[in-house]
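Accompanying notes for the structure given below.
Order of the sequence lines sets the chain letters (A, B, ...), proteins ahead of strands, with each chain counted from 1. The structure displayed is predicted, hence computed values, not measured ones.
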Number of protein chains: 2
Amino acid sequence: MTEAPLVAGVELGGTKCICILARGPDAIEDRVQLPTTRPEETLSAIEAVLDRWRGFSALGIASFGPVSIDPHAHDYGHITSTPKPGWANQDVGERLRRFAGVPTGFHTDVVGAALAEARWGAAKGLEDIAYATVGTGIGVGLIAGGRPVDGLTHSEFGHLRPVRFPGDDWIGSCPFHGACLEGLAAGPALKARTGVSGDQWAADDPAWDMVAHALGQLLHALVLTGVPRRIVMGGGVMVGTDHLFPRVRAAMTKSLGGYVALPEVADADTFVVPPALGGNAGPLGAIVLGAQALEAQLQASFTTR
Amino acid sequence: MTEAPLVAGVELGGTKCICILARGPDAIEDRVQLPTTRPEETLSAIEAVLDRWRGFSALGIASFGPVSIDPHAHDYGHITSTPKPGWANQDVGERLRRFAGVPTGFHTDVVGAALAEARWGAAKGLEDIAYATVGTGIGVGLIAGGRPVDGLTHSEFGHLRPVRFPGDDWIGSCPFHGACLEGLAAGPALKARTGVSGDQWAADDPAWDMVAHALGQLLHALVLTGVPRRIVMGGGVMVGTDHLFPRVRAAMTKSLGGYVALPEVADADTFVVPPALGGNAGPLGAIVLGAQALEAQLQASFTTR
């Protein structure tokens, strides 16, 4: 087996940025964490790290979004709209690609994490999987046949509007949709509903039922759309809230009502799982994106030869 | 340009079956319609048609579902569960493939129709599209990067549970989910809600608002999941109900609330459109499935050479 290529990865998050030089989870040569501040400052700091590294043959960037992922679009590689000061319409992908001068992959942080969990983590060996993060927002990386499900742009499962928990008429916290999934079950929604951060809620707080119901609807939607072979759930709301996994699985099973009668889905404990790569899912996702860009270039040069 | 291959296509529906011998919509050499009765009778009649035809180099089958679409599964090509007498666990794809002795493609009728509309119809030239049928059920064929979005099995968008129209608490007609999309907006739901078939409803019947709301939620979900470049809507409830298209588009736009601010989505009249292939979308879908199976075999033989 050939050694995996050495790839430089950048996970650009809303508050911090992780640069990683690696061939995979067991071959990480360097890892540098930077704060995400103003764009010029942040991108220059990333470039200084890349400049120091030698011998990588591809670059991968897994960014917070929304981002432009269409290579034919004039704004490819840009962060499109974000409330984060200075970052709206900011070029990230093309700037770093030109700087590094190697094949470069660019996608969302959640698609990156999904690809990493599928290659090395909790969904290892599966070609059809979803990675859902429930934190300051809700995002899903959906992979079908080994490729992200993209169209005009990347998916935004967090803004689906779920059927409501019986009797719950709270308006929700999403500025666009009120009671969409993100407006009901992301971290800020938990705080907005009760005035208290979710990590302070008692395990028997009845508000958890509404969160579990909304997340069960996210799983219901995933099962009926991408039909992933496994769903990995991470993010600040899921991680460390051990009682939430069983509730969310139960909400999914109840909502499906026996529809999609497949053994993989019926075994909810192995179907809906936590991430295996922990805090490295995002940075390693950038490594996969870079490796895929390299593979695509080799493939193209082979085909046109 | 090479002439398109001659392909035999079978669209197997719940009440009728259309066999077609064609290279495309402008080169249909034969078209035979058969009633769908008991499996043995129906499949034998299809085989008699195939037996008469000469010179086709592939076979495509677009079937009512749910079906098993995983080529590695023991039941690949079977209709899995259906209330239709005799058809549950019925092999269709493998039996006809063996009979025809040519490369054979097999998928759902809605994925077939989506592929046909993308190749020759209302979404011509687009690689990321959805075809939604709203008739006796609701089904969606979602295509991303030119390929159906599949995982454990095919999608079932019709069974998503939408947020309810304000004040509407009708229980819905789906035996699994009650008020899922199909239980609110498919033909039988319209009849169940009012006792009167939808084609008898006046255009100003307030019940249309609830149907349009549910279908707007289907579009909302499609925009945020597959992010298709165009959505083609057909089926008995849509076709011939001209006032429904503007209402469904308006419901989608209102529900998205400015999220996914892309010009393609904003221009709802060109984003959500009726089919262009009419009654031939299904049979021509089978032709595309057959042509793709042929292409895949040629590709594989090229790669291993």
Tell me, side chain or backbone of Leu256(B) under 4.5 Å from chain A's heavy atoms, or both, or neither? backbone
Based on non-hydrogen pairs under 4.5 Å, which of Ile143(A), Asp150(A), Thr80(A), Val265(A) is most in contact with chain B? Asp150(A)
Main-chain N/O of Gly151(A) paired with Arg229(B) side-chain donor or acceptor, under 3.5 Å: yes
Is it the case that the side chain of Arg161(A) and the backbone of Gln217(B) share a donor-acceptor pair, with hydrogens and angles ignored and the cut-off at 3.5 Å? no
Where on Ser255(B) is there a heavy atom nearer than 4.5 Å to chain A: the side chain, the backbone, both, or neither? both
Asp70(B), part contacting chain A, at a heavy-atom distance under 4.5 Å: side chain
Here the gap from Leu160(B) atom CG to Leu160(A) atom CG, rounded to the nearest 0.5 Å, amounts to 7.5 Å
OH (Tyr259(B)) and SG (Cys174(A)) are apart, to the nearest 0.5 Å, by 7.5 Å
Please identify, among Pro175(B), Pro162(B), Gly145(B), Gly257(B), the residue contributing the most non-hydrogen atom pairs under 4.5 Å to chain A. Pro162(B)
CG/Leu298(A): more than 12 non-hydrogen atoms of other groups inside 6.0 Å: yes
Hey, is the main chain of Ala221(B) close enough, under 3.5 Å, to the side chain of His159(A) for a donor-acceptor pair? no
Side chain / backbone / both / neither for Leu152(A) at chain B, heavy atoms under 4.5 Å: both
Atom CG in Leu224(A), atom NE2 in His154(B): separation rounded to 0.5 Å? 11.0 Å
Pick whichever of Leu126(B), Val260(B), Val149(B), Thr225(B) has the most heavy-atom pairs under 4.5 Å with chain A. Thr225(B)
Which residue out of Asp128(A), Val140(A), Val227(A) racks up the most heavy-atom pairs below 4.5 Å with chain B? Val227(A)
